[in-house]
Engineer: 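First, the structure itself, so that you have it in front of you.
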Amino acid sequence: MSKIYELLNDQVNKEFYSSYLYLYFANFYVDKGLNGFANWYKVQSQEENAHAMLFIQYIQNNDMEVTLEAIKKPDVKLNGNIDALKASLEHEKYITKSIHSIYEQALCEKDFRTIQFLDWFIKEQGEEESAASELVKKMELFGLDAKGLYMLDQEMASRIYTPPSLTL
Ligand code: MG
């Protein structure tokens, strides 16, 4: 079994974990009465699920078998409203590193097909990190004031799920 296959298969689990983590954040905001934030994270959770499915499809398109592993329980402790936003940024940085290391391995193995597949995810991670960082900044600027928080929640309520632009 090649190293690249192992890494791709691990990434399936990491994307499902991301989906699970963001669902946990959505539930946290439901409890807080911030339904806009909850909506934003439910959409994010759907997106991560779609990422996992793309990795599965890619593995299968290459005649390899997918092994589904247990998804661990989200282990982030949340207290204040900003905590999930900060944890998201940290998590996305971790996912970026993970995808970069698969890319590095693909370069090493001259696996050009995987490199091309991962190009979309490299760009996507850039967008994920900047979106997460923007939310932290907005929350720091406006979220401490009740009116600001209300407006921010309204804004987050408008996010709609759109499937990934990558098709395989
Ligand atoms: Mg993802």
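Remember, it's 1-based here, ligands and their atoms both numbered in the order they're listed. Source: prediction; values computed, not measured.
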Engineer: Who else is in Phe142's hydrophobic cluster (ILVMFWY, side-chain heavy atoms under 4.5 Å, direct or via others)?
Structural biologist: Leu141
Engineer: Please answer: with hydrophobic residues joined when any side-chain heavy atoms are less than 4.5 Å apart, are Tyr24 and Tyr20 in the same cluster?
Structural biologist: yes
Engineer: Starting from Tyr161 and following side-chain heavy-atom contacts under 4.5 Å between hydrophobic residues (I, L, V, M, F, W, Y), which residues can be reached?
Structural biologist: Val43
Engineer: Around the Mg ion (ligand 1), how many protein N/O/S atoms fall inside 2.8 Å?
Structural biologist: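 Excluding waters, the total comes to 3.
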Engineer: Under 3.5 Å, side chain of Asn13 to main-chain N/O of Glu69, donor-acceptor pair present?
Structural biologist: yes
Engineer: So, using side-chain contact (heavy atoms from CB on, under 4.5 Å) as the criterion, who are the partners of Glu140 when residues are at least two apart?
Structural biologist: Ile82, Lys86, Val136
Engineer: Would you confirm whether Asn62, through its side chain, and Tyr58, through its main-chain N or O, come within 3.5 Å as a donor-acceptor pair?
Structural biologist: yes
